[in-house]
Amino acid sequence: MDMPSSSANTSKVRIAIDGPAGAGKSTVAKMVSDLTGYVYVDTGAMYRGLALAALERKVDLEREEELLTLPERCGLSFRWDTGRFRVFLGARDVTEKLHSREVDGAVKAVAGFPLVRQLMVKMQRQIAASDDVVMEGRDIASVVLPDAEVKIYLTADFRERVRRRWQEMVLKGEDVPWDDLKREMAARDEADVNRKTGPLVRVPDAVVIDSTGKTAREVALTIVRLCEQRKVMG
Ligand code: DC
């Protein structure tokens, strides 16, 4: 499948935020989006939407060719705006269902397939072609928008990342044992880093921000200041 080159992009500003699970990417990216007015794109939610569709349809997660036909069969679509990114299956808004442990477990397999990634990358570039974006994920600076104006690699201590995820689940009423979550997150980190296509990498020109002990607002303001320094804001 042909993918449009990211250099065809006409948008003024693209902020790419990559990093491991629990580094605070979503919270920070939403905040940056609210502060700048740029569109927020949660690429993890795109992979999660496909994983949820596969679970609902009981599609074998090892069969890439079946996964590839799912977006059309299930009417997988996305709506984006400042500070909001929603995922739909047909007319159903499934955004709130994307962070269950079941989806956490399934998304690893889904995101590992090269053709699935190619499809997602194509959609992600299309979004960035028409809007200023704050896009977060794993391969944004390395693959999706390699010429993004601002590239951030957001990380945090492993223990802190597990704690954030655990807190998020407790708040949603999901009772998950700490050690299980720790194991699952370590496995997801490993899959992210060792994936053959689109692995999580820190590109050389990314600014590294460690969010351990920092509030999301502090991190978001650092990113907005970086944008201003680079004189890329309108
Ligand atoms: O950021 P997240 O936890 O919502 O991401 C969900 C999964 O999707 C995670 O296992 C990594 C994968 N992912 C990816 O492979 N590439 C991206 N650009 C974003 C997410």
Side-chain angles (χ1 to χ4, degrees), residues 4-49 77-88 93 95-96 98-99 111 117 120-156 161 164 168 192 198 200-211 214-234:
S5 149
S6 61
S7 62
N9 194 300
T10 54
S11 96
K12 290 195 300 281
V13 185
R14 290 150 300 161
I15 303 174
I17 305 180
D18 293 299
K25 293 187 303 294
S26 295
T27 315
V28 165
K30 269 186 218 165
M31 226 172 246
V32 171
S33 165
D34 283 332
L35 289 165
T36 57
Y38 303 161
V39 154
Y40 167 60
V41 186
D42 177 356
T43 61
M46 298 169 78
Y47 290 97
R48 286 175 181 275
S77 66
F78 312 105
R79 287 185 206 163
W80 54 90
D81 203 340
T82 307
R84 280 158 55 92
F85 189 86
R86 314 292 303 176
V87 177
F88 287 77
D93 183 342
T95 314
E96 304 306 323
L98 299 179
H99 286 268
R117 299 198 69 85
M120 294 296 179
V121 169
K122 184 180 175 187
M123 290 193 267
Q124 291 154 10
R125 286 181 180 163
Q126 277 166 353
I127 299 173
S130 51
D131 287 298
D132 292 339
V133 292
V134 184
M135 189 178 284
E136 54 118 336
R138 305 293 191 286
D139 58 343
I140 310 307
S142 57
V143 176
V144 184
L145 305 172
D147 49 359
E149 284 71 15
V150 178
K151 299 176 186 175
I152 305 291
Y153 187 85
L154 187 60
T155 187
R161 294 195 285 114
R164 287 178 187 161
E168 204 178 280
D192 274 345
L200 169 64
V201 283
R202 178 166 64 79
V203 296
D205 54 340
V207 174
V208 180
I209 301 179
D210 186 333
S211 68
K214 293 194 177 82
T215 65
R217 190 168 171 82
E218 280 175 296
V219 177
L221 287 173
T222 303
I223 296 173
V224 172
R225 272 196 291 271
L226 260 171
C227 291
E228 284 165 349
Q229 274 169 17
R230 290 175 189 200
K231 298 191 190 315
V232 290
M233 292 186 71

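Computed over heavy atoms, backbone and side chain alike; hydrogens, waters and symmetry mates excluded.
Remark: D210 CG to Y153 OH distance equals 10.5 Å, nearest 0.5 Å.
A donor-acceptor pair under 3.5 Å is formed between the side chain of D18 and the backbone N or O of I140. Side-chain atoms of R125 do not come within 3.5 Å of backbone N or O of L145 as any donor-acceptor pair. No donor-acceptor pair under 3.5 Å is formed between the side chain of R86 and the backbone N or O of T95. Panel note: side chain K25, backbone G19; a donor-acceptor pair is recorded below 3.5 Å. Side-chain atoms of D131 never come within 3.5 Å of backbone atoms of V133 as a donor-acceptor pair (strictly under, hydrogens ignored).
Between V143 and G198 the shortest heavy-atom distance is CG2-CA, 4.3 Å. When all heavy atoms are compared, the tightest approach of A23 to R161 is N-CD, 3.8 Å. Nearest approach of M46 to M120, heavy atoms of both residues: O-CE, 3.5 Å. The two residues V201 and S142 make their nearest non-hydrogen contact at CG2-CB, 3.5 Å. Heavy atoms only, all atoms of each residue included: E136 and S26 are closest at OE2-OG, 2.7 Å. Heavy-atom minimum distance, G24 versus L154: C-CD2, 3.7 Å.
Counting heavy atoms from C-beta outward, T36 and D132 have side chains that stay 4.5 Å or more apart. R117 has its side chain within reach of Y47: a pair of non-hydrogen atoms, C-beta onward, lies under 4.5 Å apart. Side-chain atoms of T43 and M135, non-hydrogen and from C-beta on, do get closer than 4.5 Å to each other.
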Walk me through whether V219 and T27 qualify under side chain to side chain contact (heavy atoms under 4.5 Å, CB included). CA-CA 10 Å; V219 177; T27 315; over 6 Å; no

Could you walk me through whether I209 and V28 pass the side chain to side chain contact (heavy atoms under 4.5 Å, CB included) test, one step at a time? CA-CA 11 Å; I209 301 179; V28 165; over 6 Å; no

Audit row: L221, R217, side chain to side chain contact (heavy atoms under 4.5 Å, CB included) steps and yes/no: CA-CA 6 Å; L221 287 173; R217 190 168 171 82; 4.1 Å; yes

Would you check, one step at a time, whether the test side chain to side chain contact (heavy atoms under 4.5 Å, CB included) holds for T222 with V207? CA-CA 11 Å; T222 303; V207 174; over 6 Å; no

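R164 meets the side-chain hydrogen bond (donor to acceptor under 3.5 Å, both in side chains) test with E160, S211; sequence neighbours excluded. By the side chain to side chain contact (heavy atoms under 4.5 Å, CB included) test, S33 is found to be paired with Y40, T82, V134, residues two or more places apart in sequence or in another chain being considered. In this structure A45 satisfies the side chain to side chain contact (heavy atoms under 4.5 Å, CB included) test together with D42, F85, V87, L98, sequence neighbours excluded.
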